[in-house]
Amino acid sequence: MKVTGNQSVKIIPLGGLEQIGMNITAFEYEDSIIVVDCGLAFPDDEMLGIDLVIPDITYLKENASKVKGLVITHGHEDHIGAIPYALKELNMPIYATKLTMGLIENKLKEHNLLRTTRRKVIKHGQSINLGRFRIEFIKTNHSISDAAALAIYTPAGIIVHTGDFKIDYTPVFGDAIDLGRFAELGKKGVLALMCESTNVEREGYTPSERTVGRTLRHLFDENKDHRIIVATFASNVDRVQQIIDCAYSCGKKVVIEGRSMVSTISTAAELGYIKIPDNTLIDIEQMKNYVDEQLVLITTGSQGETMAALSRMAASTHRKVSIKPGDVIIFSSHPIPGNEKAVSKVMNELAKKGASVIFQDTHVSGHACQEEIKLIYTLTKPQYAIPVHGEYRHLKRHKDLAIEMGIPKENVMILQSGDVLTISKEQAKVTGHVPAQGILVDGLGVGDVGNIVLRDRQHLSQNGLFIVVVTLDRYNGVLLAGPDIVSRGFVYVRESEKLMEEAKSVVTNTLEHCNSKKITDWGRIKGAIRDDLGDYIWKKMKRSPMILPIIMEV
């Protein structure tokens, strides 16, 4: 694709900046838009009752005729989790590598979208043409197999998007990252590098996945006489492979437990990304035919998630597995920021049951540290740097690193989700903003819970609820029945009868006052009840519950 004149292309991140998760970026040139990744984010602590957060694709829907396809870098939830939700709004073909596509198809089946969605599996090194863009898939390493970086050829120049990556010279499965291709692109001239920032604060290199294998082998040898339970991410297929290899070499049988673990491993095995020796895998129902020291369980729940298999074992609510003294439990992952308390709680529960818990040196990251990021800059020599995939502090540190690598300060662009970056050989600047708030999913409701509902939930969770029911005469506004007060999450009513009686008399006085002033508008009466009762409770208790007056007329 030739670069002619002063062509400019738009880069529009719709999620994934200033947060970890919900990665999705649109690239636009004239009548063509391509979308890279479409992930979800997990809710913050303040998002009470919310299951997950998905990107706002309003901009893509408004420009549906321009959208040529969805290109996916790898199969993690923060890159593929929102695909079914997006496809219900906007039908677009999907392009991904083999394992990534297998995991996406599992999701599409669940949402009955498999038949209606066009899909194409792409090999590393292959290119596809979508509208005015050509996209080349480049082999990289990550904590899930089949990850790809993208070289996006645009009329303004080549944009390299690393996806999530690390440089692993000795991967467990498949080839090492194709550094030669990054170097060739650097020789051609790279307009912009969009490089991930997750581990940019860490110096040095991320160790190879094989180093975990050595630690695990050592732990398995030490604990031949114990039942071993290993908790890890379902998507880390190479880690599961190493655990199975260790179990096989010790003559142990393997049970895979946890819904996402079973589904991911069966997909990976079908597609040939994991090799399981014959007669090694057994069903959870067959565990009773073996003594404990013959068994290894690979399970979900390494992040302390309440409903995951390991958490249920720790809480004694798992139907098939009870933790016994002597069990050895290996956490083969780091807590994601924010999950530390939950993980610690599960570890304590397991220790109380007499199990030994191991978490030292049993995990390596799937993300590049500083020296690996520097290598990618050295090879690609980009004109502009656009740090992606990280909270603000990661993006800021990445900016400093890019400047150290010789990128002019004004050519390093820290963006926010929703920014429209217009970029050409001559200049790059933010020229607009599109909606990119994130949409909340609660049960089957998508987007029906917004900030106001969340604020109410927080208010209720912190201060409780006071419902005041009164019955008024339709003609003269005289109080006929009540006030009755129902309280939830505020005080224990039976022990606070005096408070309740006083609250009732406050409401009665308010109603008499409204009646004497000939106030008949329900809105004003409710407002007066809220104000007077709120003042009384605050003076009495220094609390402000949510007050809901209900008026009935007879």
Residues Asp164 and His389: side-chain donor-acceptor under 3.5 angstrom: yes

Reference residue Phe331; test side-chain contact (heavy atoms from CB on, under 4.5 Å); the match among Ile358, Val230, Val346: Val346

Under 3.5 Å: donor-acceptor pair, side chain of Asn199, backbone of His367: yes

Of Leu150, Val160, Thr162, Ile11, the residue whose pairing with Met194 passes side-chain contact (heavy atoms from CB on, under 4.5 Å): Ile11

Gap separating the NZ atom of Lys123 from the CG atom of Asp146, nearest 0.5 angstrom: 11.0 Å

Exceeds 12 heavy-atom contacts within 6.0 angstrom, atom CD of Glu203: no

Side chains of His76 and Ser235, donor plus acceptor under 3.5 Å: yes

Test of ring centre spacing under 6.0 Å for Tyr85 and His111: yes

Short N-O contact, Arg202 and Glu372, less than 4.0 angstrom: no

N-O pairing of Glu404 and Arg397 below 4.0 Å: yes

Aromatic Tyr29 / basic Arg132 pairing, under 6.0 angstrom, 45° off normal: no

Validation row, ring centre Phe173 to ring centre Tyr273 under 6.0 Å: yes

Neighbour count above 12 (heavy atom, 6.0 Å) for Arg119 CZ: yes

Pairs satisfying ring-ring contact (aromatic ring centres under 6.0 Å, His included), at least one member in residues 393-434, at least two apart: Tyr377-His398

